[in-house]
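Please read the structure below before turning to the comments.
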4 protein chains.
Amino acid sequence: MYKKIKRDAQIIPLKDIGLIIAETGMNKNSKIVDAGAGSGALACFLAHLCKEVVTYEIREDFINIVKKNIELLNIKNLKINNKNIYNGISEKNMDVVILDLPEPWKAIDSARKALNIGGFLVSYSPCIPQTMDFVNEINKDKNFVHMKTSEIIEMEWEIEERKVRPKSKGIGHSGLISFCRRI
Amino acid sequence: MYKKIKRDAQIIPLKDIGLIIAETGMNKNSKIVDAGAGSGALACFLAHLCKEVVTYEIREDFINIVKKNIELLNIKNLKINNKNIYNGISEKNMDVVILDLPEPWKAIDSARKALNIGGFLVSYSPCIPQTMDFVNEINKDKNFVHMKTSEIIEMEWEIEERKVRPKSKGIGHSGLISFCRRI
Amino acid sequence: MYKKIKRDAQIIPLKDIGLIIAETGMNKNSKIVDAGAGSGALACFLAHLCKEVVTYEIREDFINIVKKNIELLNIKNLKINNKNIYNGISEKNMDVVILDLPEPWKAIDSARKALNIGGFLVSYSPCIPQTMDFVNEINKDKNFVHMKTSEIIEMEWEIEERKVRPKSKGIGHSGLISFCRRI
Amino acid sequence: MYKKIKRDAQIIPLKDIGLIIAETGMNKNSKIVDAGAGSGALACFLAHLCKEVVTYEIREDFINIVKKNIELLNIKNLKINNKNIYNGISEKNMDVVILDLPEPWKAIDSARKALNIGGFLVSYSPCIPQTMDFVNEINKDKNFVHMKTSEIIEMEWEIEERKVRPKSKGIGHSGLISFCRRI
C-alpha cells in the first residue's frame, strides 16, 4: 500500500509510523488529526487502521495529491481540512493529534482544545532545534506532559549463508518523534 | 493499554511491534496468526487493530495469562489455539503469520499453508543464529521471498532547556525482525 | 592504565578518545593542547602516545587530581597550565588542540594562534546546542574548516554458544566530537 | 596520512582503528603484530604510534602494496613477514596481536605463544558467524579471557544554522572487534 502512494513532499518512513501507532495505542475506534498532510501518506496509512482521520493542509498542490491518493486507495474515512492548524482545529474529542510542521509549538494550543483528556500530541521533526523548541514549550504548558522523545534507527541485516552482518549502508536519520499527553 | 497487560514471558517492545504493523500494512480487515502467545501481549495489541487474531500456545501457564489479559482488556476477536504451530495452522487465508519461537524454521511449512498469496510471514528472534537459520531456510523455499531483516534501535532523548542530547542509557537490543512474503 | 586513573570529573570514554586519535592522526611526534584537564584522563592517555601534552585547567581541585595521576602513571611529557584557555594558549606550533569545555567557541581564537597550519581543533560536547553554537561559529571563521561532527555509538555483543546478540543494555550517548582544521 | 595510503584490500575504518588503540592502551613502547596486512593501512597507522610493528601477509600482490605504502610514508619501524600466521609467529613478547583474517580462530595458538602475559589479542571480522566461532573458541581456552566484543557505529551530523541533525546516510556496519587478554 505504502509504495503505491504518490509522494511529492518528503514522507515519514515506516519505522517512524510504526512507533507512532504502537506508542499511542491507536486502534479501530480512534479519531486522529494530522497536519500538515504533505502527500497524505501518513493520513492514508492511519485511515486503514482507525475510525476517522482528518488531515490539515494549506498548500493546494499537496491537497490535490492527497485527493488522488484517497481515490487510488479507495479510502472513505479520511477528510481533508484546507486550513492552517496554527489557527485552530475544528474537530473535538480527538484521540491523537500528529504534527509534521516547521513550527510545531504554534499548534500546541489548537491541539489542547481538540484532544480528549489522555489523548496524545505527537510531533515529528527532522531537526533538533525544532524538537527542542517544541518540547521546551510543552514543558511550560500545564495541560500537557512530555512522555518521551525518541529517534528510531533501523539497521537492516544481510543474511546469506555465513555472510551475516548489518548492511554496510545504514538507513540513517529521518526525524525525532516527541510524545506528549493531554492531562 | 500495553502497560496494563500481565506479563510472565518476556514481551516484544513497542518499537518492534510498530515495525511489524507498519511493514506488513495490517489493518481493520486483516486476519492474523501469532505464535507463541507468551503472555498474549502482541496478540492483544493486534486484536485492537485487526479483524481477527488467533494465537498459538502450548504452555498451560501462558494460556491462563492470555485468558486473563483478554478478559481484562475486554477483547472479542482473539482466539487461543492450544496447539503446536510446528504441526500445522488450522486457519486458512491469513494475511500475516508472526513467529516468536525458538526454532521458527520449523513453522515455515505451517505458515505456507495458512497464508494468502502476498501475505507476510514475520519472525522475531533475539539472537543472530536463529535469525540466520530461519532466513537461510526461507531462501531455499520457493514459496517465500525474504524481504528484509531489521533491527530497531530506539534512542531516547533528554530535552530540558539547553540540555539536549540522547540519554546516556540506550534501550539496547531486543530482537531481529525478518519479513518474508508468500508468493 | 585508563582504569587506574583517579577521576572526579566525568571522563571521556575510550570509544571517543579512539576517534580523536584516529581522525587527527596524532603520533609520536605530535604536540597537543587539551582543555579543560578535568581529572587529566585524556591528557595522560595522550601523553603515552605523543611527544608533548599541555593541559589547561583553572580549578585547583582538578589540578591536584591531574598531578596525582601524572605521578601515579610516571608521566614525564605532560605539563599543566593553570590558565583560562579562553584568554590564550602560551604554546605555539601545536598539532592538535582538544576542547572539552562548556563554551568551546570562546577558545577558537586561542586555538587559531596556537595551531600549525593543517593542525586540528577538536571539540567534545555532551549536548547538541553547544555543538551547534561551536560549529556555527567555526563556519563563520576563515581560518578553520569544519571537517565533520560525529557521535560514536558502541554496541557491545553477548557471545556464548548460540546466544549471540547485541547486549540488552546499550552504552548510550556520551558526546559529539567536532573536527576542524586550521587553514 | 590515512587518505594517502594505497588500498587494494578493504581497509578497516578509522572509527574501528580508534577503538583498538584506545582499548588496548598501545603506546610509544608497544610491540605489535598484525595479520593479514592487506594494503598495510592498519600496520602503517600503528607504526606512527608504536615502537615496532610486524605485519603478516601471504599474498605477494598485497605485500607489494604494503612495501609501496611504507616507502611513501617513510616508515622505519614496520617489518613485513611473508608467512602464514596460522603456522606461528616468529616474534616473542608482543603487546598486541591484531587479526583481520577469514578464520581467526586458527591463529589463537600462534598468538598465545607470541604475547606477553596481559597482552591483547584483537580480532576484527565483518560477519557474525566468524566472530561467534572465534569467541566460542577463546572461551574454551584457559590462556585467554574474552574482555568484550564491540561494534562501533559512527553517526555523522549535519550542522548548518538551525539545520542540525544526524546525516540521512549513516556510515553503516564495518565489523565487530573482539578484545581478549592473554593470562
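Within every chain, numbering begins at 1; the chains are lettered A, B, ... in the order of the sequence lines, protein sequences first and strands thereafter. Keep in mind it's a predicted model, so treat the numbers as computed, not measured.
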Where is the tightest heavy-atom contact between D:Trp157 and C:Ile128, given as atom of each residue plus distance?
CH2-CD1, 3.6 Å
With a 4.5 Å cut-off on heavy-atom pairs, point out which of D:Ile21, D:Ile177, D:Leu176 contacts chain C the most.
D:Leu176
Does the side chain of D:Ile153 come within less than 4.5 Å of C:Ile152's, by heavy atoms?
no
Heavy-atom closest contact (C:Asn136 atom, D:Glu161 atom, distance)
OD1-N, 2.9 Å
Would you say the side-chain atoms of C:Lys28 pair up with the backbone N or O of D:Cys50, donor to acceptor, closer than 3.5 Å?
yes
Inter-residue atom distance C:Lys15.NZ - D:Leu19.CG, 0.5 Å rounding:
10.0 Å
Taking every heavy atom of D:Leu49 against every heavy atom of C:Met26, the minimum-distance pair comes out as CD2-O, 3.1 Å
Taking side chain as everything from C-beta outward and backbone as N, CA, C, O, which of these in D:Glu160 sits under 4.5 Å from a heavy atom of chain C? Side chain, backbone, both or neither.
backbone
Can you say whether D:Ile20 sits under 4.5 Å from chain C via the side chain, the backbone, both, or neither, judging by heavy atoms?
neither
Identify the heavy atoms of D:Ile159 and C:Met132 that sit nearest to each other, and give their distance.
CG2-CA, 4.0 Å
What are the two closest heavy atoms between C:His48 and D:Asn27, and how far apart are they?
O-CB, 3.1 Å
Pair D:Glu154, C:Lys148 - check side-chain contact (heavy atoms from CB on, under 4.5 Å), show working.
CA-CA 11 Å; D:Glu154 180 174 0; C:Lys148 71 168 170 181; 2.7 Å; yes
Could you verify whether a donor N or O on one side chain and an acceptor N or O on the other, from C:Glu156 and D:Ser150, lie under 3.5 Å apart?
no
Take atom NZ in D:Lys83; do more than 12 heavy atoms of anything else shown fall under 6.0 Å from it?
yes
